[in-house]
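The figures here come from the full heavy-atom set of this structure, side chains too, leaving out hydrogens, waters and symmetry mates. Here is how names work: the chains are called A, B, and so on, in the same order as the sequence lines, proteins then strands, and each is numbered from 1.
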Amino acid sequence: MKYNFADFEEKWQKIWEENKIFRASSSSSLKKYYCLEMFPYPSGNIHMGHVRNYAIGDVISRHKMMCGFNVIHPIGWDAFGLPAENAAKQNNRHPAEWTRENIKKMRHQLKRMGLSYDWSREVATCLPEYYRWEQQLFIKMWEKGLAYKKRSGVNWCESCGTVLANEQVEDGKCWRCSSDVVQKELEQWFFKITEYAGELLDCTYTLLGWSENVLAMQRNWIGESSGAEITFDILGTDEKITVFSTRPDTLYGATFMLLAPEHPLADKLLEDSPQREEGLAFIKSITGESKEARMEDKQKKGFFTGRNCINPVTYEQMPIYIANYVLMDYGTGAVMAVPAHDERDFDFAKKYELPIVQVIQPKEDSPEDITEAYAGEGFLIQSDTFDGMSSKNARSAIVNLLEKQGSGKKSVTYRLRDWGVSRQRYWGTPVPFIYCGKCGAVPVPDKDLPVLLPENVKFDTHGNPLDSVQEFVNTVCPKCGDPARRETDTMDTFVESSWYFLRYCSPQYDKGMFDETEVNYWMPVDQYIGGVEHAVMHLLYARFFTKVLRDMGYINIDEPFDNLLTQGMVCKETQRCHTHGWLNPSEVKDGNCVHCQTPVIAGRTEKMSKSKKNVVDPDDLIKTFGADTLRLFSLFAAPPDKEIDWSESGVEGCYRFISRVFRLVTDHLDLLKSDIPEADVPQGEVSTEIFLYIHATVKKTTTDIERFQFNTAVAAIMEFVNSLYILQDKLTDTATKSAFKSALITLMRLCAPFTPHVAEELWSLASMHGFISCEGWPTYKEEYTLHNNITIAVQINGKIRAKITVPRNCSEQEVIEKSLADEKVVPYTKGRILTKKIYVHGKLVSIVVK
RNA sequence: GCGAGCGUGGUGGAAUUGGUAGACACGCCAGACUUAGGAUCUGGUGCUGCACAGCGUGGGGGUUCAAGUCCCUCCGUUCGCACCA
């Protein structure tokens, strides 16, 4: 029979669905297993990144199911977001309609991949049944002080017309549209993620199932620094300046003070200064710059406020400057400058001719003249009673002194800032607040939730479309009944994805975010799979939400995702022309651009993207090769965490392999349907060999799936098939046929998680009972995975000189005797003294001669 | 600058613990079957050399009977963060 996937792939997808074999229920005596892949944004089409992500998840899920776990494997849609709104503007379509249609199309595409999802748990975040619970949580967080509104400088993307979180700014550009991000002063809603900074950081050391690079990125992003807060009195006023420093040991060398231009004191100190105008102009020249331009300018610029403060340990006066390189949103926005031991302060001191006092010596006898800043550790000098102390010890000693004086204390600072969640866009969850002239910001009462997104909206205006929906904006205050104005900000879409994995546990629950019993049964997620691009944003937010919900008493876990697998990108060669930019294959002929006949620039391998014209469409591939081939290729081409280089011939190779499996099994349907039973024990030479292949392959495939080495798991099955092809001509007696029958049945089972359609079809063609998808995963016996004869390598002085074959149970003495007697070994040992003999059981003999 | 990772044939990649480097696949070569083959099957394929042999996991050094794997050092490369006090 010829392998023709089109005959049966869709048939099985339909049958699986009709028989509800992937429905999950918490009422099971089996051990639970939660397998989760990052849910897709309904852009309209699945791409190869999705295929890879979901193929990996599906193998894990199907394998666990066959291993007897109670598996939950849900899917849904991250359905709010800007693309829907942009599409609405361009095509005069409603975002809801656009999103609905995309979901429908992509749902069909996912189903066409044969994924083992429990579709009854499907959620779409744009539905009121979903987002009303988010609004409820928002209010609960507000009650606990974890959601708040403040005026602050925010990242503003003009092209998207909205605010962005810090995590969503990449190289000063919008993560979504790559246009420049500017700073803007706005009243915004924030989530107090900084309250959890310490725990979010500490727990990165307990997440043993996460890859080191993701944990490192999170740690980096949270950015903990420990040091001290030190307070300085300002001369001639009652004001004080508090700084944060990681190096209190250098306090005796602090010779001047720096304020961020945005620091409230900067303005205050200039109040009665004769240079007030000049100073304000200086501040404006810096704050007026974009964040990017400000970072770009490495030149130190400062302005003397005319005021001085007092060093709390030397009692020396320190001039207070406003400096361009001090950031308001880190630490306290003020820095004690220690020019001798900080490169930036050193440059500043040189430029403005400020005193440089060395207080740390690298070694006890190093020279005192300084030509550059020394930022390392060492021993204190010119530091009063601390002279001679190591900088490390001095850090705590000086903080102790400050604590006694009441001018400082130990402190920890994080780089992480609160999560700005306000978005000035339509297509998102409305922030459930009402502004009343009398009562201020009032939460929408629970009985009035959800605050529904109005349907009747015009998208032809600039700015937030919600602002112009009068019947939405105009409302009454829930407290006093006066006319009031409704909040028109919607939430960042990362809010929806911060708890969707909880909603999956009880997706239809209508009394709250989730049914606590269900969540506490299914959570945590045992295996999470997704792209590394979410290493910081989504994964950090979801961890934060989990901890918030835990502290509110709804769940009993600290971390949502036990194990995380970040899959690599799918890449393909690009081609480009000097004048016509990126070219797709049809625009290249004989290495020349078809538009201008000039040679194309040699292809580079890059992530598939429309703009680079190097995408391949999974739909086309499924039509040509079938879903099984596409799945198999994305698993076989590389280990899951590495990049895949797209290769058309690699896909064909996978297709060939599946054809081989199909032919091998269908050529022996008579045997499979016959009365000959499966073999329990090997009988005879060929049968023993077959047993060896079966058990060794099951062992290798099982362990490889469990450690996510799908590429080598597939390779093991390929070897198995190659062996069976050779063995199929040797089926002379019943015992052999019996063993071969076992081999074929095992093969089908091993293939089931990878290529479920062909496995199911073969299972049915062989008249086997039930669905292979629900069958047990094959087991192996260690004793059958070993050859009776083993090959031993013989090394003389570290070089392999011979290989000998011995029975498996051969004793050490016998092996060594046999190797010394080997004709290839004798010339190397003749007339020499044997000084050492090492036998590594079953592997090699190492002989040292002199 | 800080942090994390990677470096193996023509290509993608194998090699849990130090123990026969290059599994499996792509590509290429040869053969078989064919009117034909871009189908299928079989065999070959790290490099040098006629075989014996020698050389080979980014470079150099070290530990060891034995190193892709451990240690030191240098080089290259990818990713994240970065005027973070």
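- In this model, the phosphate group of rG80(B) is not approached by any side-chain N or O of N213(A) to a distance below 4.0 Å at OP1 or OP2.
- Residue R415(A) has its side chain nearest to rC81(B) when only rC81(B), rA85(B), rG5(B) are considered.
- Here F636(A) lies in heavy-atom contact (under 4.0 Å) with a base.
- R660(A) forms no cation-pi arrangement with Y3(A), by the criterion of a distance under 6.0 Å to the ring centre and an angle within 45° of the ring axis.
- Comparing atom distances between the K843(A) side chain and each of rG19(B), rC83(B), rU16(B) picks out rG19(B) as nearest.
- In this entry rA25(B) has rU11(B) as its Watson-Crick or G-U wobble partner, both defining distances falling under 3.5 Å.
- Counting any heavy atom pair closer than 4.0 Å across all strands shown, G223(A) reaches no nucleic acid atom.
- Annotation: rG19(B) and rC26(B) have their C1' atoms spaced 30 Å apart (nearest Å).
- Of the candidates rU20(B), rC41(B), rC83(B), the closest approach to any side-chain atom of N324(A) belongs to rC83(B).
- Here rG46(B) is in the anti range [glycosidic angle more than 90° from 0].
- If you check distances only, the side chain of K837(A) never reaches the base of rC65(B) with a donor-acceptor pair under 3.5 Å.
- Across rA25(B), rA85(B), rU20(B), the shortest atom-to-atom separation from the side chain of L327(A) is found for rA85(B).
- For Y725(A), counting side-chain heavy atoms from C-beta on, the closest listed nucleotide (rG12(B), rA14(B), rC41(B)) is rC41(B).
- OP1 or OP2 of rC41(B) sits under 4.0 Å from a side-chain N or O of R663(A).
- Look at S225(A) and you'll find a side-chain N or O under 4.0 angstrom from OP1 or OP2 of rA85(B).
- Within the nucleic acid shown, V848(A) comes within 4.0 Å of sugar-phosphate atoms alone, with no base atom in reach, counting heavy atoms only.
- For Y325(A), whose side chain is taken as the heavy atoms from C-beta onward, the closest listed nucleotide among rG13(B), rC83(B), rC24(B) is rC83(B).
- rA39(B) and rG27(B) are spaced 9 Å apart, taking the P atom of each and rounding to whole Å.
- Within the shown strands, nothing qualifies as a pairing partner of rC52(B) under the Watson-Crick or G-U definition with both distances less than 3.5 Å.
- In this structure, R344(A) CZ and L258(A) CG are separated by 9.5 Å, a value rounded to the nearest 0.5 Å.
- Looking only at atom types and distance, the side chain of D704(A) has a donor-acceptor partner in the side chain of T712(A) under 3.5 Å away.
- Within 4.0 Å (heavy atoms only), E652(A) reaches no atom of the nucleic acid at all.
- With rounding to whole Å, W646(A) atom CH2 is found 15 Å from rC26(B) atom P.
- The distance from atom CZ of F662(A) to atom P of rU40(B) is 15 Å, rounded to the nearest whole Å.
- Not one side-chain nitrogen or oxygen of R219(A) sits closer than 4.0 Å to the OP1 or OP2 atom of rG3(B).
- rC70(B) is paired with rG62(B) under the Watson-Crick or G-U wobble criterion, all donor-acceptor distances under 3.5 Å.
- Put simply, the side chain of H341(A) never gets that close to the backbone of A373(A): no donor and acceptor are under 3.5 Å apart.
- Residue contacts for V326(A): at a heavy-atom cut-off of 4.0 Å it reaches a base atom on one of the strands shown.
- For the pair K300(A) and Y325(A), the cation-pi criterion (under 6.0 Å, within 45° of the ring axis) is fulfilled.
- Residue-level contact check: E643(A) touches the backbone only, with heavy atoms under 4.0 Å from sugar-phosphate atoms and none from bases.
- With rG19(B), rA14(B), rU20(B) as the choices, the nucleotide that has an atom nearest any side-chain atom of T712(A) turns out to be rA14(B).
- Between atom NE2 of residue H63(A) and atom CG of residue L750(A) there is a gap of 9.0 Å, rounded to the nearest 0.5 Å.
- The interatomic distance linking K2(A) (NZ) with rC41(B) (P) rounds to 12 Å, in whole Å.
- One C1' atom belongs to rG13(B), the other to rU57(B), and the distance between them is 13 Å to the nearest Å.
- With both ends at atom C1', the span from rA32(B) to rA36(B) equals 15 Å, rounded to whole Å.
- When the C1' atom is compared between rG62(B) and rU45(B), the two are found 36 Å apart, to the nearest whole Å.
- The separation between F708(A) atom CZ and rU16(B) atom P is 18 Å, rounded to whole Å.
- Pair assignment for rU77(B) gives rG5(B), based on Watson-Crick or G-U wobble hydrogen-bonding distances that are each under 3.5 Å.
- Per the geometry, CH2 belonging to W210(A) stands 22 Å off P belonging to rG3(B), to the nearest Å.
- Side chain of R344(A), nearest nucleotide from rU20(B), rC84(B), rC41(B): rC84(B).
- Of the C1' atoms belonging to rA14(B) and rU69(B), the separation is 14 Å, rounded to the nearest Å.
- Between I644(A) and R52(A), the closest side-chain pair of non-hydrogen atoms falls below 4.5 Å.
- When both pairing distances are held under 3.5 Å, rU17(B) makes no Watson-Crick or G-U pair with any nucleotide shown.
- When Y352(A), F348(A), F232(A) are each tested for a ring pair (Phe, Tyr, Trp, His ring centres under 6.0 Å) with F256(A), only one passes: F348(A).
- Between N711(A) and rA23(B) there is no side-chain N or O to OP1 or OP2 distance below 4.0 Å.
- When each of K803(A) and A216(A) is assigned the nucleotide of RNA chain B bearing its nearest heavy atom, the one mapping closer to the 5' terminus is A216(A).
- Here G653(A) lies in heavy-atom contact (under 4.0 Å) with sugar-phosphate atoms only.
- The side-chain heavy atoms of V51(A) and M48(A), taken from C-beta on, include a pair separated by under 4.5 Å.
- Not a single donor-acceptor contact under 3.5 angstrom links the side-chain atoms of S649(A) to the base of rC26(B).
- Considering only side-chain N and O atoms, Q218(A) lies nowhere under 4.0 angstrom from the phosphate OP1 or OP2 of rG80(B).
- Phosphate contact (OP1/OP2 of rC24(B), side-chain N/O of R656(A), threshold under 4.0 Å): absent.
- Nearest-nucleotide assignment on RNA chain B puts the 5′-proximal partner with R707(A), out of D329(A) and R707(A).
- Residue N220(A) has its side chain nearest to rC81(B) when only rA14(B), rA85(B), rC81(B) are considered.
- Nucleotides rA25(B) and rG60(B) are separated by 34 Å at their P atoms, to the nearest Å.
- When the nucleotides rA21(B), rA14(B), rA25(B) are ranked by their closest atom to the side chain of I800(A), rA21(B) comes out on top.
- Across all strands shown, rA30(B) pairs with rU42(B); the Watson-Crick or G-U wobble distances both stay below 3.5 Å.
- A sub-4.0 Å separation between OP1 or OP2 of rC65(B) and a side-chain N or O of K836(A) is present.
- Residue Q795(A) places a side-chain atom within donor-acceptor reach of the base of rG19(B), judged by atom type and a 3.5 Å distance cut-off alone.
- Between the N311(A) side chain and the M318(A) main chain, no donor and acceptor come within less than 3.5 Å of each other.
- rA30(B) and rU17(B) have their C1' atoms separated by 42 Å, with the value rounded to a whole Å.
- At the heavy-atom level, T791(A) lies under 4.0 Å from base atoms of the strands shown.
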